[in-house]
Structures are given as structure tokens and as C-alpha cells.
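Here the structure is laid out as C-alpha cells; the discussion comes afterwards.
Worth knowing before you read on, the calculation uses all heavy atoms, side chains too, and leaves out hydrogens, waters and symmetry mates. Quick note: residue numbers are just sequence positions, from 1.
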Amino acid sequence: ASLNIPSGFKTHGSADIHLKGQRIPYILGGAYKVDKGEVETNLSEKSSSRHKIRPSDFLPKFLSEKSFEPIHLDLKIELLNPLQVTAIVPEAKVTTTVDGQMQVIGPPDLPLLNGAIKSRPGGQMIFRGNDFDLSSTIIEYKKQPPDQPHIFLTAKSLVKPRTVGSTSDGPQEEYEVTLEIQGSAKNPTINLRSQPQLSETDIVALLAFGISPAHSQSLDSDQQAIQSGVEVGAQIFKQQLGISKAVEKTTGFNVDISSTMDDKNAAAPKITISRQVTPKFGMSYSRTGRKEPSDEMKIEYKFNPKLSVVG
């Protein structure tokens with residue numbers, strides 16, 4: 001048997017199903033043992049609206065359109081083998097395998113889930129562009145819609161600060177960052193800690209911008225404001241609004257916002273517009289915003305993967 005309920009949950013297994021009831025809604029119940037499948041779900045999106053079936057005019061009047069659901073589910077689901085899961089949660093993407101048990105109840109178009117699943121070793125998570133190894137993950141439902149679970153997640157990552165503007169020739173310090181996400185998938189609590197110890201503000205700057213406390217302290221207040229403003233703008237531009245992808249899809253040009261450091265270790269915004277005209281021919285134009293703005297035009301022709309001319 002194959003089951004694609006709820007949306008994004010594609011599974012295959014064996015089922016012992018029965019239909020019971022003396023009147024509408026009938027109960028489709030039983031046990032479903034899953035031997036393989038995959039789940040792709042976005043826990044950051046709003047719940048989808050329910051689509052109901054219009055009842056026949058010949059049915060009793062007490063079965064109004066507002067309450068009419070011909071079948072309700074009451075299925076117990078058991079995962080015989082680990083199930084591949086890809087989930088989008090606020091500010092993060094999780095890819096892992098899970099096992100556990102779940103109960104599906106309610107109408108098929110908008111079911112409720114009851115139970116819990118746990119991740120197995122080897123899971124990965126991307127949080128603000130940084131790769132994390134999952135230590136443990138529990139996704140728990142208490143008769144809730146599929147996109148409204150409670151999450152208990154712990155992950156770790158080794159993060160190196162960027163070396164832009166650094167004058168040190170010694171080994172660069174690494175930070176082991178531990179991330180904890182707990183609570184409702186729609187509005188979770190995110191906690192961060194690190195070794196060596198940093199404040200949460202410093203950890204956020206390290207993850208989002210690659211700025212270490214040592215590098216941040218080496219900049220004066222004006223430079224810090226410019227650096228932070230440029231990086232925040234780049235994050236919004238590229239990840240949240242999706243303008244860069246829309247421009248590239250419409251015009252073929254890729255737009256990128258970044259920051260650069262001059263000889264005096266001062267941060268300045270840099271905008272780059274590029275286009276790959278053919279697999280061998282591409283061009284780019286960049287403008288750096290300083291008191292005296294600078295422009296750069298670059299054309300590249302590739303004769304083969306190892307030989308190219310840039311002018």
C-alpha cells in the first residue's frame with residue numbers, strides 16, 4: 001500500500017485497514033506499517049485551508065456543507081525502517097532519518113497527528129548558511145496539524161571567523177557552536193552557546209556574518225556600523241526577499257551585495273552584476289561605495305577548464 005497523507009509525506013508499506021461507522025463520517029482505521037518513504041515539509045509556512053466535499057442535496061439536512069466530511073481517519077503508523085525527512089523550520093533546513101510511531105486522526109484533507117519521531121545519527125542542518133551536525137531531534141505531536149509540532153533539537157558546528165582584514169599569521173581560532181531549538185515549530189525558542197565562550201550576540205555575528213569578537217573590536221564604531229549594515233542587507237537581499245534569484249531568472253543577470261575592506265581596514269559596500277553569456281564567455285561589473293567610488297569591469301573567456309583569459 002502507498003499513502004500520501006498528509007501533504008509531503010510519501011510512504012509505502014503494508015496496511016490492515018477497516019471502514020467502520022453507522023453514519024457519516026465513517027471511520028477509516030487500522031494499522032499501517034511503513035517500510036520505506038520520504039517526507040518533505042515546510043514547518044515555517046501557514047497551515048493550508050481545508051477543502052471540503054460538497055454534500056449531495058439528497059442527504060439529510062443536518063449534514064450541512066460546513067460540517068460535512070464523509071470519512072475520518074484513525075490510523076496507527078509504525079516505521080519499520082528509518083524514514084528520510086527534509087524539513088524547513090524558521091531560519092534552518094534539517095535533513096535526517098527518523099523512526100518512531102504516529103497516529104493520524106481526523107479528515108484526510110487536514111489530519112491531526114499524535115505521537116513522536118526521533119532522529120538517528122548522521123543528520124545535518126543548515127542554519128544561517130552554516131552546516132551543523134544533529135546531536136538529537138525529537139518532533140512531537142499532541143493531536144496537532146502536521147505543520148505545528150513541538151521541536152526539541154540540538155546540533156553542533158565548528159565555525160571559523162572570516163579572515164578579511166586580519167593581519168595575524170598564526171592559526172585561526174575555531175568555535176564549537178551548540179544550537180538548541182525548542183518549542184512550537186511556528187515560534188520556537190533558539191538558544192546558542194559556544195566553546196570558547198561567547199555571548200549570544202557575538203555568536204549570531206559569527207554565524208551570520210563570519211565576524212569574530214577580535215575582528216569586531218579592531219574596527220572603530222563607524223566601520224562596525226557599515227560592516228554590519230552591509231552584511232544584514234546582503235542577508236535580507238539574498239535569503240529572505242529572494243530578489244537576486246528573481247532578477248537572475250527574469251534577466252539572466254546575477255546580482256550580489258557584499259562588503260570589502262580597503263588598505264585602511266575600512267568596510268565598504270560592493271555591488272556586483274554578472275552574467276554567464278555562454279558556457280565559455282562571461283562578464284561582470286562591480287562598484288564599490290567609498291568616498292571616491294571605484295568601478296571594475298571583467299570579461300572572461302574559457303578555452304577549456306584549465307585555461308582562460310580574463311580582461
Hey, does L192 have a side-chain heavy atom less than 4.5 Å from the side chain of L179? yes

Heavy-atom distance under 4.5 Å between the side chains of M125 and L153, does that happen here? yes

Nearest 0.5 Å please: distance from the CD1 atom of I71 over to the CG atom of L19. 6.0 Å

Which of parallel (below 30°), tilted (30 to 60°) and perpendicular (above 60°) describes F281 and Y301? tilted

Here the gap from L113 atom CG to I77 atom CD1, rounded to the nearest 0.5 Å, amounts to 7.5 Å

Kindly compute the distance separating CD (Q124) from OG (S119), expressed to the nearest 0.5 Å. 11.5 Å

What's the separation between atom CD in Q182 and atom CD1 in I151, rounded to the nearest 0.5 Å? 10.5 Å

Side chains of N187 and S184, donor plus acceptor under 3.5 Å: no

Can you check whether E176's main-chain N or O pairs, donor with acceptor, with Q195's side chain at less than 3.5 Å? no

Is S157 reaching over with its side chain to a backbone N or O of D131, donor-acceptor style, under 3.5 angstrom? yes

Distance col, row K33:NZ vs H12:NE2, nearest 0.5 angstrom, shows 15.0 Å

Would you compute the distance between atom CD1 of I88 and atom OG1 of T41 and round it to the nearest 0.5 angstrom? 9.0 Å

